[in-house]
Every structure is written in structure tokens, then in C-alpha cells.
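Chain letters run A, B, ... following the sequence lines, proteins first and then strands; every chain starts at 1.
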Amino acid sequence: TALVMLMTPGLAFFYGGMVGRKNVLGILMQCFILLCVISVQWILYGYSLSFAPGKGFWGSLEWIGLKGVGFAPYKDYAATIPHQLFMMFQAMFAIITPALMIGAFAERMKFSAFMVFMVLWTTFVYDPVAHWVWGVGGWLKDLGALDFAGGTVVHINAGIAAFMAAIFIGKRKGAENKAILPHNLPFTILGTALLWFGWFGFNAGSSLGANELAVNAFVVTNTAAAAAGLTWAILDWIFHEKPTVLGTATGAVGGLVAITPAAGFVSAMSAIVIAIFASIFSYIAVTVVKPKFGYDDALDVFGVHCIGGIWGALATGLFASKAINPAGADGLFFGNPKLLLIQAIAVGVTIAYSFVVSLILYKIVDVLMRARVSEKDENLGLDLTQHHENAYTMIE
Amino acid sequence: TALVMLMTPGLAFFYGGMVGRKNVLGILMQCFILLCVISVQWILYGYSLSFAPGKGFWGSLEWIGLKGVGFAPYKDYAATIPHQLFMMFQAMFAIITPALMIGAFAERMKFSAFMVFMVLWTTFVYDPVAHWVWGVGGWLKDLGALDFAGGTVVHINAGIAAFMAAIFIGKRKGAENKAILPHNLPFTILGTALLWFGWFGFNAGSSLGANELAVNAFVVTNTAAAAAGLTWAILDWIFHEKPTVLGTATGAVGGLVAITPAAGFVSAMSAIVIAIFASIFSYIAVTVVKPKFGYDDALDVFGVHCIGGIWGALATGLFASKAINPAGADGLFFGNPKLLLIQAIAVGVTIAYSFVVSLILYKIVDVLMRARVSEKDENLGLDLTQHHENAYTMIE
Amino acid sequence: TALVMLMTPGLAFFYGGMVGRKNVLGILMQCFILLCVISVQWILYGYSLSFAPGKGFWGSLEWIGLKGVGFAPYKDYAATIPHQLFMMFQAMFAIITPALMIGAFAERMKFSAFMVFMVLWTTFVYDPVAHWVWGVGGWLKDLGALDFAGGTVVHINAGIAAFMAAIFIGKRKGAENKAILPHNLPFTILGTALLWFGWFGFNAGSSLGANELAVNAFVVTNTAAAAAGLTWAILDWIFHEKPTVLGTATGAVGGLVAITPAAGFVSAMSAIVIAIFASIFSYIAVTVVKPKFGYDDALDVFGVHCIGGIWGALATGLFASKAINPAGADGLFFGNPKLLLIQAIAVGVTIAYSFVVSLILYKIVDVLMRARVSEKDENLGLDLTQHHENAYTMIE
Amino acid sequence: MKLIIAIIKPERLDAVKKELYKAEVNLITVSEVLGHGRQMGVTEVYRGVKEMGNLLRKIRLEIAVNESYVEPTIDAILKGAQTGQIGDGKIFILDLAECIRIRTEERGGGAIG
Amino acid sequence: MKLIIAIIKPERLDAVKKELYKAEVNLITVSEVLGHGRQMGVTEVYRGVKEMGNLLRKIRLEIAVNESYVEPTIDAILKGAQTGQIGDGKIFILDLAECIRIRTEERGGGAIG
Amino acid sequence: MKLIIAIIKPERLDAVKKELYKAEVNLITVSEVLGHGRQMGVTEVYRGVKEMGNLLRKIRLEIAVNESYVEPTIDAILKGAQTGQIGDGKIFILDLAECIRIRTEERGGGAIG
Ligand SMILES: Nc1ncnc2c1ncn2[C@@H]1O[C@H](COP(=O)(O)OP(=O)(O)O)[C@@H](O)[C@H]1O
Ligand SMILES: Nc1ncnc2c1ncn2[C@@H]1O[C@H](COP(=O)(O)OP(=O)(O)O)[C@@H](O)[C@H]1O
Ligand SMILES: Nc1ncnc2c1ncn2[C@@H]1O[C@H](COP(=O)(O)OP(=O)(O)O)[C@@H](O)[C@H]1O
């Protein structure tokens with residue numbers, strides 16, 4: 001569980017290294033403050049909204065302030081680990097999800113607007129969706145949708161909301177004529193390493209103790225990241241003469257995303273196939289689709305997380321096998337087309353709901369306080385204008 | 001346990017990012033060498049001085065060189081884990097404590113003097129205090145003082161000694177007229193993340209295996225860090241227009257400090273309250289008290305660790321509850337004023353003892369070899385003058 | 001196990017900080033791509049070649065594609081943990097080993113050549129040697145050679161191959177007249193910290209669950225790193241007036257290397273002795289031998305890993321004690337000269353085999369595609385020429 | 001021959017380069033500087049300590065040209081760098097006594113381009 | 001008009017800036033340079049390899065002023081930067097042929113301030 | 001007095017310094033710049049977005065010398081920096097109106113060395 005906590009800082013450096021020198025603190029701060037805010041929101045009411053049993057839109061409110069959430073395992077979620085531990089584990093999911101979005105509106109969102117938007121988003125988008133898919137009484141869960149470690153709830157959910165935000169906040173100044181160069185790629189690699197490391201906790205931990213499942217998740221997670229990273233490197237090699245570090249890291253993250261919903265249901269060999277296609281689809285989304293439609297999804301949250309998440313969720317419908325996880329189901333390639341359909345429904349519902357509600361919330365925030373910083377502030381950078389700090393000293 | 005080892009490097013980057021570019025290696029080296037020196041000191045005689053049963057000033061010498069410290073659990077300390085593992089776990093505490101002080105005399109202490117001072121300090125201050133509070137036969141322990149994971153032994157102890165050092169070594173050149181700008185805040189955030197991560201091991205590990213306690217410690221640790229970080233951000237927002245990254249990180253660390261002694265005795269809700277006040281008190285100490293009295297506690301070891309530690313120790317006396325930990329005690333708010341008094345005594349004794357003895361040791365070192373570097377060396381920076389290295393290349 | 005995964009990124013930053021600013025991505029990419037490629041190679045056929053039972057040169061092919069490698073523990077390797085987990089754990093060894101070599105030919109090897117060489121090397125050098133020493137039916141294993149966590153298989157093996165590569169690829173331009181200054185030493189420290197942290201998993205994990213052994217490995221690993229780091233610092237202090245950060249980090253890594261084969265067989269006190277000599281030998285190799293013979297082992301893979309590995313393997317033959325590990329053997333100092341001999345044989349065989357075969361593979365690659373980049377590309381740096389990227393923005 | 005030194009806003013660099021190429025001025029040397037001018041800096045705050053950040057990031061261009069190119073170069077810089085807001089920067093022009101191309105050792109106006 | 005270039009010790013920058021403001025010289029451009037001079041550098045050691053670190057960090061100031069300001073500026077720099085120890089640095093003064101304010105396009109002395 | 005500005009390839013810096021010391025030119029100021037010239041840059045690629053990297057790392061030397069040292073200094077730079085390949089860089093020479101040593105306040109030629 002502790003591992004999962006490292007993912008948010010990991011993400012912070014993954015993103016932070018890719019932005020301009022004048023905006024790196026903006027990224028780090030946004031990730032860091034989410035770690036603070038959502039940790040508190042979660043124990044106050046978020047966990048209850050998401051996981052307290054209830055057939056409705058949200059879970060019930062009986063677990064507010066962790067009331068009744070003790071050490072005794074809550075068998076419907078995890079028979080073997082203390083309820084509070086499960087709660088913490090889920091908290092990390094609730095933190096990383098909004099953090100993923102940061103990449104889309106990077107370098108131009110006002111911090112105050114960011115804070116308000118994120119609290120609203122977690123409450124009105126993340127919590128309900130989490131409830132539907134994972135909560136006792138959640139209707140997608142009852143439908144039989146499989147989401148091992150958050151492909152739908154986390155990645156598609158965040159990815160599509162990010163897509164919305166990128167479109168409506170508009171392009172970065174300077175992004176029109178040229179690429180904004182990553183100011184510190186080693187930080188991006190460091191972040192990737194921490195993400196990869198944390199993801200083991202993310203996926204293996206999602207087996208909630210069941211030993212064999214954890215091992216399988218561990219193996220396929222590593223395999224998928226590796227295969228996807230390699231795939232992207234090769235694609236770069238083919239289309240841009242040289243394999244790039246940023247590309248390899250991006251691919252690896254894409255592979256981790258794609259395997260997330262499938263980690264507990266597929267074999268290592270299937271993982272390789274899933275990973276290869278994950279990279280290919282993301283590669284197309286990032287290098288072909290994005291420029292074509294010209295939205296400025298600054299750090300490709302949509303291209304990597306949404307696309308990867310969708311593919312992963314559907315792939316689960318294709319490659320899932322009872323041989324791996326008896327508690328799971330068989331996918332198309334194992335003679336059960338129905339699962340694929342259910343997965344598709346879950347994906348569709350999440351996309352539709354998340355996009356619409358996120359948009360509404362965004363518009364509210366934008367009207368109330370303008371979501372985007374002024375042009376002058378954008379030129380000076382978020383670090384100085386939003387946080388009154390410089391990331392690095394230039395002369396000493 | 002391994003997690004705790006990461007705290008020292010975490011601290012190194014937390015501090016290292018805040019100093020000038022020409023002194024970053026000085027910080028990293030001081031942290032790193034302590035990891036080396038104290039690791040050895042600990043198995044040679046430190047552990048024995050601190051934990052070997054004995055009613056005296058120190059523990060007895062029977063465990064010197066780990067003699068008799070085997071794999072069988074030593075039930076008075078930890079009934080379920082191997083004795084050597086407990087020893088290692090404690091080693092990490094003995095390493096991080098002196099390392100905390102580094103922030104106070106940063107950018108101006110001579111390395112040789114630093115080494116001598118630290119070995120003396122660990123032997124004559126840390127080891128005895130640890131014995132009193134945690135050791136079999138330690139009189140504060142017998143008194144019934146509660147210190148779950150080192151609020152008194154680690155943070156107050158280091159914080160007050162750091163305070164002393166900051167005063168007697170004097171202000172940094174250039175600190176008079178202006179602030180010395182942090183040369184690399186992302187490093188500071190990285191350090192904060194590693195500290196936060198390691199602190200889980202620090203606090204959860206202090207339950208020494210008792211499952212429920214570990215979970216509680218884990219939850220309250222995360223909650224306190226989050227709430228305190230958020231609080232500091234808000235304070236900055238109020239008093240300086242914008243929330244700063246450095247402030248948020250500082251607050252989070254302060255929250256971790258304050259929750260340390262309480263982690264095994266309080267609930268998550270109490271943790272939020274403790275954390276909020278921890279940030280407020282530290283904020284006052286750092287932004288009001290320090291400038292007023294004009295001592296140059298370069299990286300606010302006193303303001304964050306000593307103040308946070310004191311508050312945490314007293315807060316334990318207020319919020320501790322048998323409902324959380326039957327082995328513990330009830331605090332004032334649970335109808336037992338006595339505990340608060342005991343805590344206050346433990347705090348007072350530690351402060352008095354640590355301040356006086358640290359001062360004596362410091363003076364001895366100062367007389368023998370001058371503790372502070374020459375003005376010329378200070379201008380050139382510790383990296384070049386104390387270690388003959390440059391942290392970064394300027395032209396290539 | 002997850003900890004071990006962090007070692008490769010750790011190594012990447014350890015090395016990456018030491019090279020020039022224009023080559024840091026080259027290092028990071030080489031480490032990162034190995035993480036990807038070998039992860040896949042391992043599950044496809046590497047694991048089978050190394051560990052599938054077989055008396056031959058390689059293991060048999062029956063475990064190709066993890067066929068038959070399930071969750072049930074495979075008692076000949078690890079009676080208590082799932083077979084797939086053991087497989088993953090070994091995968092991390094297979095990844096870090098070639099990664100170690102990167103330091104030797106840093107800043108001048110063509111990426112394409114690197115890829116081909118590494119895949120060949122892992123297949124024809126690592127896999128067989130791993131089989132001989134650890135695999136069921138491996139002849140060195142049957143001989144009774146002790147290699148707890150890879151002193152021979154990992155460090156000597158990689159060290160000597162690196163030595164070969166350094167000689168035959170030739171000196172770096174600019175390395176003749178002057179040292180190439182480390183562009184970011186904090187990264188090197190970060191890498192060292194991650195290595196130290198991961199090494200706990202590396203060594204403690206190698207006990208494969210056996211509790212007491214793990215604790216012992218944990219203690220001696222930490223002790224060795226600390227003592228060796230301290231030793232190097234002192235050596236620098238003596239011979240170069242000041243202790244250097246880079247030196248201390250190098251020493252610590254050297255200590256970790258030396259203790260690797262011994263971790264499960266020696267006591268903490270022996271570990272100190274082993275560590276001290278490890279630093280001394282490496283120090284001589286790096287500061288005396290290397291300049292004397294003038295090969296350009298850029299980041300001292302040979303001096304630190306090969307020398308340290310050899311010393312560690314032999315030291316195991318000296319200090320091993322049944323008192324620590326009944327399953328082990330007694331060393332010379334415990335009245336059993338035979339073990340030392342066996343260790344010497346294992347070392348000799350590995351050196352001879354690895355050097356010769358690595359050389360052949362290197363020559364093949366060199367003939368096919370020139371291993372070294374053009375002078376022009378070397379001047380521009382590997383980042384730009386091999387990966388079309390800049391690690392840092394210079395102006396923004 | 002003249003040596004033209006221009007201090008501009010970082011975000012204008014691309015525009016200026018474009019204009020210079022249009023004016024067939026292809027050889028330039030660029031560096032990052034900090035400037036203090038009319039334009040006010042942003043206050044920085046570190047743990048409650050206010051720091052009047054009166055230095056702002058600027059880009060410094062160094063361009064050696066022959067007389068005939070002086071005006072076109074100036075116009076190009078003005079076109080690219082001018083936003084009309086405070087902080088746009090300055091252009092300094094110095095007489096260049098001599099210019100040598102290292103590769104060919106040729107001197108004078110011919111070595112400039 | 002003159003262009004004044006000063007190389008000073010990093011730790012003197014604040015003092016120099018203060019003096020310059022006193023002398024009503026408010027517009028300056030600053031950058032970080034490495035200097036080799038009389039002042040000896042510090043030897044660096046990396047894994048036993050000695051490196052004669054003969055380059056030291058210095059700060060470079062660039063100030064364009066009108067004739068009347070030349071001496072006051074020099075005095076200010078001397079006041080702020082002088083420690084009397086080797087390494088204090090130098091001041092170089094060049095004739096400035098022309099100066100243009102990008103924002104307003106005005107030229108000559110008026111554009112300097 | 002003259003102020004000599006040289007733009008050279010980074011990897012030639014050591015050689016140039018060596019030559020300068022041979023010519024008894026011991027006082028220099030060095031900085032890192034980006035240059036755009038004849039030499040083509042390397043294209044960069046970030047997630048498929050091509051970036052014409054037309055700026056290359058160069059080293060900028062600033063050397064103030066007395067007349068008698070001008071030619072020796074130029075020769076030293078040429079010796080050290082010339083590779084004959086495109087991108088070797090340029091040398092610019094400006095008239096230096098005045099030079100002041102901050103430490104001693106002495107002016108003119110004497111202050112240069
Ligand atoms: N006299 C000068 N000497 C040196 N640098 C100057 C001078 N005047 C302006 N600059 C540089 O130009 C930048 C912009 O100048 P500023 O006064 O802010 O804008 P504007 O010229 O539009 O009023 C300053 O930050 C400084 O770097
Ligand atoms: N003739 C020169 N040309 C270029 N830079 C110089 C010259 N003389 C001095 N400098 C710069 O001034 C700095 C200080 O000079 P130095 O000789 O060390 O001090 P001092 O002038 O007090 O003897 C040097 O590091 C160098 O950067
Ligand atoms: N006219 C100029 N003005 C400013 N800088 C120049 C000029 N000409 C050349 N440079 C600098 O010199 C460097 C090398 O010039 P380049 O044309 O590439 O080599 P060469 O002079 O051998 O053809 C350029 O990158 C640039 O920094």
C-alpha cells in the first residue's frame with residue numbers, strides 16, 4: 001500500500017520533467033496538494049460516498065468520518081485485510097486519478113480554479129463511478145464488469161475528463177508554432193521508475209492479499225510495462241530514425257495503464273499482446289490524432305491514459321481467463337463474448353458520464369473564477385505567478 | 001524497515017534542494033556519511049548503550065558488537081520480530097536523528113568538526129535519551145511516558161540541539177540582508193515524498209508487527225501529513241497571497257513530526273486536529289519567532305522538528321485513547337490529566353538535557369578545531385572547499 | 001522483490017549523474033531499455049535457459065514462455081514462494097547484470113550496437129553462467145560454490161565483460177587529457193540511495209523467505225555498505241585532503257557488491273572487515289591500476305564490481321560460517337580451506353568464460369555495425385545523436 | 001561592421017529568429033540572462049521570507065553584421081520582439097573592429113556571414 | 001554612450017546592485033560566467049583524478065549608460081564589489097554606437113534609461 | 001586595448017585555454033551560449049513532434065588585451081579552436097575604451113593583465 005503512495009510523486013516528476021522550467025513547480029504543487037486534499041476528503045466523506053453499501057448514485061453516508069470503519073476486515077471488499085487498510089489503499093486510487101488529469105491543462109490553469117475543480121470532480125465524478133464499479137450495490141459491478149485495478153474508474157475516467165479540460169481551456173501560448181521542450185527528462189525517467197515501482201503495489205495490491213493473484217498481477221504488470229516501452233521505442237525508431245527516452249517511458253506507462261484492468265485476469269503472454277497494441281494505439285493517438293484535431297492535451301493524458309484504459313478494459317473482455325482467476329470470467333478468446341459486451345458498456349457509460357459532468361463542473365468553475373491564468377502570468381510561468389517561487393536559481 | 005532507510009536520503013534531498021547550489025553536496029555528504037558512521041557505531045556499541053537492559057544513565061555494555069543479539073525475538077522490545085531486525089530498525093532512528101540537525105548549521109559547518117561533533121552527540125545525547133525513553137530500565141519509560149515513534153527521542157532531541165548549534169555557529173554570510181534561495185525545489189519535493197513514504201515504515205513499523213496498531217499508525221500518519229501540508233498552504237495563501245510548494249512540503253513534514261509520538265495512540269480525526277495545530281505552531285515559529293530573535297536556523301530544524309515534536313508529545317497527552325491502543329493510556333480529553341503531565345516532564349527533561357550537553361559538546365569541538373569554515377571557504381561553498389567537488393557542471 | 005526493480009533506475013541515476021550533460025539520456029535509456037528487453041527475453045526463454053533443470057551448458061528449454069512455471073513453489077529453488085515470483089526475482093538479476101556494464105563504455109557506444117550486444121550477451125553469457133551457479137544441474141553449484149546473491153554471476157560476470165568492452169571500444173575523446181566531470185552528482189547520490197535500498201531486496205530477498213537468513217542478509221548488507229563508504233571517504237581524506245561525496249557513494253556501492261555473495265553466510269563483524277578491504281582494493285584498482293594501464297573504464301565497472309565481486313566471492317570462502325547459515329559451509333577462518341578453493345575455481349571459470357565469450361560477441365557486433373559512434377556524434381553527445389533529445393533545456 | 005546586442009523577452013525568441021531569417025540574417029549567438037529594468041519583477045516567498053525578485057529572465061542575442069545589414073537586422077528584431085509592453089528590451093550597437101572566421105582564418109566583412 | 005561590462009564576485013552582486021540603485025542606475029543585465037584570473041581556483045577530485053579547477057564562478061554585469069553616468073556607475077561598482085582581495089574582477093568600458101528601446105523604437109541617449 | 005570575443009566549439013575549450021596560456025594570456029572570462037550558424041543542428045523529437053534544433057552549444061570567450069597581445073591571442077585561439085570543419089566559430093574584436101581593475105582601481109593597459 002505504501003508503494004502506491006509513491007505513485008503520485010512519481011507522476012509529479014513524470015509530468016514535471018516534461019514541462020517548461022518555469023512551470024515545473026506548478027505541476028509538483030498540483031500533484032502534492034491533491035495528495036493532501038484528497039487524503040483528507042477521503043476519510044471525511046469520500047470513502048463513504050464510494051464504498052459504503054448502497055444501491056444509489058453514491059454509496060451511503062454511514063461511513064462518514066470513518067465511522068464504523070475499523071480494523072476488522074470488511075469481507076465484501078477484502079476478507080483478509082483490515083478495513084482501514086483497504087480504505088487507505090483505495091484512498092491512493094482516489095488521489096492518483098485526479099492527479100492524472102494535471103497533464104492535460106498543464107502550464108496554464110489557475111491554481112485556485114484547479115483546487116475547486118478537483119474537489120468537485122472527485123466528489124461528483126470519481127466517487128460515484130468508483131461506487132458503480134467497485135462498491136457494494138454498484139450497478140456496473142452487479143452487471144459483472146471486470147476492473148481489476150482501475151482501468152475504467154481511474155484511467156478512462158481521468159483521461160476523458162482531461163480531454164475535455166484540454167479542449168476547453170485552450171492551447172498553451174507558444175504551443176501553436178512549436179513544441180514546448182521538456183526541461184528535465186531525467187526527472188521524467190525518475191517519475192516513470194517510481195510509477196512502475198508503485199504500480200506493483202497498485203496492481204498486486206488489488207488482489208487484496210490473495211497470494212497467487214498478486215503474483216500474477218506482479219508478473220503481468222512488469223511484462224506489460226516492458227513490452228509496451230519496447231514497442232514505443234521501436235515505433236520511434238521506425239518513424240523518427242531513433243528510439244527516444246521520452247517515448248520509451250511513455251510507452252511503459254501506457255502499458256501499465258492497459259494492463260491495470262486486466263492484471264488479475266490474464267496471463268503473461270496475453271499481457272505482451274495487450275501491451276504491444278496499447279503502445280500502438282497510444283502512439284497513433286499522440287502522434288497522429290492529436291495534431292490532426294489540434295487540441296492541446298499538453299502531456300497526452302487522453303492519448304496515453306484514456307486510450308490505454310479503453311483498450312485495457314476491452315482487452316480484458318478478450319483475454320480474461322478463468323484459468324488465471326476463477327473468481328473472474330472468460331473473455332472472447334476463451335469463448336465468452338458476453339464479457340466483452342459488458343466491458344464495452346462499462347467503458348461507454350464511464351466516458352459519457354465523466355465527459356458530461358466534468359464539462360459542467362469545469363464550466364461552473366470557469367464562470368466563477370476563470371480557469372485559465374492571464375497571458376502575462378502564462379508568460380512568466382505558473383511557478384512565479386501561482387506560487388511565488390522559482391524552481392531553480394539561475395544565478396547565485 | 002527498509003523503508004526507514006530511505007528517510008535519510010529523503011532528508012538529504014529535502015534539505016539539499018533548499019540550500020545554495022554551491023553547498024548541496026555538503027548537505028548530501030553530511031546525511032550520507034551519518035548513514036555510514038552511525039550504522040557502524042550502532043552495531044559496535046550504540047545499540048548496547050541505548051537498549052541493553054540497565055537502570056543507569058546508559059544501557060549496559062553487554063550487547064557491544066551485537067554480542068548476544070541474535071535472531072530470536074527479544075520479548076521486552078518486540079515479541080514477534082527477530083532481535084536483530086529490531087536492532088536495525090532502531091539503527092535507522094539513530095541515523096536520522098543527528099541527520100535532522102544538519103539543516104540548522106547548513107552552509108557553514110566544517111566537515112571534520114561535523115564528524116567529531118556527531119559521533120560525540122550520538123554517544124552522549126542520543127543513546128542515553130533513547131535508553132531513558134525506550135530502553136528496559138529507562139526511567140522515563142518507567143515513569144509511563146508515551147513516545148510511539150520518536151517524537152521526544154528523535155525530533156525534540158534533534159530540534160533543540162539544532163537550535164543550540166544555529167545560535168552558536170552564527171548566521172550565514174549573506175543571510176543577514178537577504179534570504180538564500182533554494183537552488184532546486186524539485187529536489188526538496190522529491191525528498192518530502194521519500195520522507196513521507198519512509199515515515200510509513202517509521203510509524204507503522206514502530207508497532208513492531210502488531211497488525212492493527214500498524215494500520216492505525218499508517219492511517220494517521222498519512223492523514224496528519226496531508227492535513228498539515230494543506231494547513232500550511234492555506235496559511236501561505238492568507239499571509240502571502242499564494243500557496244507555496246516549499247510551504248506545503250514543510251507543513252507535511254511538520255505534520256509527520258507531530259504525529260510521530262502519537263501515531264499508535266490516536267484516531268484519524270484526532271490526527272487532523274493535531275496536524276492543523278502543528279502547522280500553525282511551526283508557521284509561527286518559522287515566520288514570526290525566528291526573524292524576531294534573529295537566529296539563523298537555516299532550514300528551520302527547530303521550528304519544524306522541535307516545535308512539532310513538543311506539540312506532538314503534548315498532543316499525545318491530550319488525544320491518546322485506550323480505545324485505539326489498550327497498551328497505551330488515555331489522554332486529557334479522555335479523562336486522564338496525569339498522562340499530559342508525564343509527557344510534559346519527558347519533554348522538559350529531554351529539552352534541558354539535550355540543550356546543555358549538546359552545547360558542551362559543541363564548545364569542545366569548536367575549541368579543538370573551529371566548528372565554522374573560514375569566510376573565504378563559505379563564499380566558495382562547502383562543496384568545493386570541504387569535498388573538492390562541484391555538484392553540477394556549469395559549462396561543458 | 002519490487003525493491004529489486006528499483007535498482008536498475010537507481011543504477012541509471014548513479015551512472016547518469018557521473019557522465020557529461022550531453023550523454024545522460026544515453027545512460028538512462030540504456031538502463032531503461034534493458035529493463036524492457038530483458039524482462040521480455042526472460043519470460044520468453046531466458047528463464048528457461050538459466051533455471052530449467054538440465055546438466056548441460058544451458059538449462060533445458062521446457063520452461064520457454066513460462067510453460068509450466070506456475071504459482072506452486074518449485075522446491076529445488078524456493079520451497080516457500082510461488083515459482084513465478086522466484087522467476088520475477090531472478091528476472092531483476094538478469095536485468096541489472098548487463099546494466100552494470102553500461103558504465104564501462106559510457107558516452108561512446110552506438111545504441112543499435114548496444115542493443116544487439118546486450119541481447120546476445122544475456123543469452124550466451126549471463127544465462128549459462130547463472131545456470132552453472134544456481135540452476136538445478138549447474139556444475140558449479142554441484143561443485144559446492146557459494147554465491148548468495150550474485151557476486152559471481154552478477155558482479156564478476158558483468159565487471160569482466162565491462163573491462164573487455166572498455167578496452168576494445170577505446171578511450172573517450174577528451175578523456176585523454178582530462179577527467180570528464182560528473183554533470184549532476186546529486187543524481188549519483190540519489191542513485192546510490194536507490195541502489196542501497198534495492199539491495200536490501202536483492203540480498204535479503206535471496207534468502208527466499210527463510211526469515212532468519214533474510215534478517216542476517218539485511219543487517220550485513222547495511223553494515224557492509226556503511227563500512228565501505230566510510231572507508232573510501234577516509235582514503236580520500238588521506239590521499240586527497242578531503243573526503244568526496246562521489247568517493248563515499250562509490251565505496252558504499254563497492255561494499256554492497258562485496259557483501260553480495262557473502263550476505264547469507266557471514267556475521268556483521270565479518271561484514272565490516274570484508275567491506276573495509278573491498279573499499280581498499282577498489283580504491284587501488286580505480287586510482288592506481290586504471291591510470292597505470294590507461295584503459296578508459298569510464299565509470300569504473302571493473303574497479304568496483306569486478307574487483308569487489310572477486311574479493312566478495314573469495315571472502316565468502318574465508319568468512320563463511322555454518323553458525324550463520326547451516327545450509328552453507330565453513331570458510332577458511334572457520335577451519336575449512338576447501339571452500340576457498342571452490343570459490344576460487346568458480347571465480348576463475350567465470351572470469352575466463354565471460355571475458356572470452358564477451359569479446360567474441362563484441363567483435364561480431366563491431367564488425368557488423370561498428371560498436372562506437374562517429375567522432376562527430378561523440379562530440380555532439382549521445383542524447384542528441386542516438387535519441388534525438390536533449391536532457392535539459394538550456395534557454396527557455 | 002557592427003556588433004548588435006539585443007535583450008528580448010524569452011517568449012519572443014522564436015518570433016525574432018523567424019524575422020531574422022526572413023531578413024537573411026542567419027548567424028546569431030544566443031544566451032540566457034537576467035535583466036532588471038522598468039518592468040517589475042515578481043516577489044518570491046520562501047517560508048515567509050519575502051524576496052523582491054527584481055530580476056527577470058531575458059534572452060540576449062549577439063549578432064555581427066556588415067553595415068548594409070544593420071538596419072534590416074534592427075527592423076527584424078523590432079518586428080519580432082515588440083509587444084508594446086514594458087520589458088520588451090533594448091538593442092545595443094557596437095562598432096566591430098575586426099571579425100575572423102576560425103575555420104578559414106579569413107578576416108573582415110567576408111568573415112561575418 | 002558607453003557600454004559598461006563588469007565581472008564581479010557572485011557574493012558581491014547584492015551589494016553592487018544596491019550601490020547602483022543609489023546612483024540611480026536602474027537598468028542592468030546580469031549573467032553568470034566562469035572566470036580565470038589571478039585568483040587561484042580550487043582543485044577538484046573525482047575518484048582520485050585531480051582536476052585543476054582554474055575557473056571560478058563570477059557574475060557579469062552589462063550596463064549601458066550615457067556619458068554623464070559613466071563615472072557614477074564605475075564608482076558604484078567599485079564601492080559594491082571591492083573587497084581588496086584577489087579576484088575582485090574588472091570593469092570594461094566600450095563605446096556604444098547606438099541604443100534602441102524596442103518598445104518605443106526611440107533611439108540614442110533617451111533610449112538608455 | 002581590445003576586447004576579443006570568441007565563439008568556439010565546446011570540445012575545443014581545453015585546447016584553446018592551453019594555447020592561450022602558452023601565449024601568456026592568462027585572464028579570460030568564459031560562458032556557455034547557443035549558436036546558430038552554418039553548421040546544421042540536430043533535429044529533436046518529442047513524442048513524435050519534430051523540433052528543428054537549429055541552436056548548438058558553443059563556448060563564448062571574452063578576453064581583454066593590450067594591442068601588443070591582440071595578434072598572439074588570435075593565433076592562440078585559431079590554433080586551439082580550428083578543426084577545419086563547419087562550426088568552428090568566430091572571433092570578434094572590439095575597441096576597448098577603458099579597463100579598470102576593481103581591486104586596485106588602477107585603469108588603462110596596466111589593469112588588463
Ligand atoms: N541601460 C541598460 N543597460 C543594460 N541592460 C538594459 C538597459 N536597459 C534595459 N536593459 C535590459 O532590457 C530589459 C528590458 O528593459 P525594461 O526597462 O524592463 O523594458 P523597457 O525598455 O520596455 O522599458 C531589462 O530587463 C534589462 O535586461
Ligand atoms: N583581461 C581580462 N579579460 C577577460 N576577463 C578578465 C580579464 N581580467 C580579469 N578578468 C575576469 O575577472 C576575474 C577576476 O580577475 P582576477 O585576476 O582573478 O582578480 P584581480 O583582477 O583582482 O587580480 C577573472 O576571473 C576573469 O573572469
Ligand atoms: N555573424 C555572427 N554573429 C554572431 N554569432 C556568429 C556569427 N557568425 C557565427 N557566429 C557564431 O559562431 C558559431 C559557428 O558559426 P558557423 O557558421 O556554424 O561556423 P563557420 O563559421 O565555421 O561556418 C555559430 O554557431 C554562432 O554561434
Side-chain angles (χ1 to χ4, degrees), chain A residues 16 18-30 32-33 36 106-112 115 169-184 291 294 296 298 372-396, chain D residues 5-23 26 28-62 76-90:
Chain A
M18 282 188 246
V19 297
R21 209 197 290 144
K22 64 187 177 182
N23 292 315
V24 55
L25 294 182
I27 296 283
L28 297 181
M29 181 63 164
Q30 290 182 352
F32 201 81
I33 206 72
C36 295
E107 307 195 290
R108 56 205 193 279
M109 189 159 185
K110 204 188 286 170
F111 188 72
S112 49
M115 290 282 280
I169 200 167
K171 287 181 152 232
R172 287 164 294 174
K173 276 191 75 292
E176 302 88 7
N177 33 18
K178 63 186 282 286
I180 279 152
L181 306 180
H183 90 288
N184 192 326
D296 183 20
R372 184 163 180 158
V373 296
S374 71
E375 180 175 326
K376 189 169 149 305
D377 287 0
E378 196 173 338
N379 283 334
L380 286 170
L382 300 185
D383 297 3
L384 271 176
T385 60
Q386 300 301 297
H387 308 297
H388 283 348
E389 291 167 299
N390 258 322
Y392 313 98
T393 48
M394 196 173 132
I395 60 170
E396 285 192 4
Chain D
I5 299 171
I7 314 289
I8 62 171
K9 286 180 170 167
E11 65 266 23
R12 308 304 308 164
L13 178 57
D14 289 319
V16 170
K17 269 162 61 186
K18 218 177 263 95
E19 294 299 333
L20 284 170
Y21 299 158
K22 277 205 213 127
N26 296 314
I28 59 176
T29 299
V30 187
S31 61
E32 201 169 42
V33 296
L34 287 178
H36 179 269
R38 285 247 174 66
Q39 185 186 13
M40 283 298 95
V42 185
T43 349
E44 298 170 36
V45 179
Y46 298 98
R47 284 186 172 169
V49 184
K50 271 207 163 47
E51 186 63 25
M52 288 305 143
N54 44 26
L55 290 172
L56 290 165
R57 294 221 158 102
K58 300 282 171 181
I59 295 292
R60 180 179 188 274
L61 298 174
E62 216 167 16
I77 296 173
L78 288 174
K79 256 233 213 67
Q82 199 175 70
T83 68
Q85 286 152 357
I86 272 195
D88 276 356
K90 301 273 175 93

Legend entry - Portion of D:Gln85 that has a non-hydrogen atom of chain A nearer than 4.5 angstrom: neither

Legend entry - A:Lys22/D:Glu11 ion pair, N-O < 4.0 Å: no

Legend entry - Heavy-atom contacts under 4.5 Å, residues 379-386 of chain A to chain D: A:Asn379, A:Leu380, A:Leu384

Legend entry - Point-to-point distance, once rounded to the nearest 0.5 Å, from OG1 of D:Thr83 to NZ of A:Lys376: 11.5 Å

Legend entry - Any side-chain heavy-atom pair of A:Glu389 and D:Val45 under 4.5 Å: no

Legend entry - Nearest non-hydrogen partners of D:Arg57 and A:Tyr392, listed with the distance: NH2-O, 4.1 Å

Inset, instruction - To the nearest 0.5 angstrom, please state how far the CG atom of D:Leu34 sits from the CE atom of A:Met394. - result: 4.0 Å

Inset, instruction - Please examine the side chains of A:Ile395 and D:Leu55, heavy atoms only from C-beta on, and report whether any two atoms are closer than 4.5 Å. - result: yes

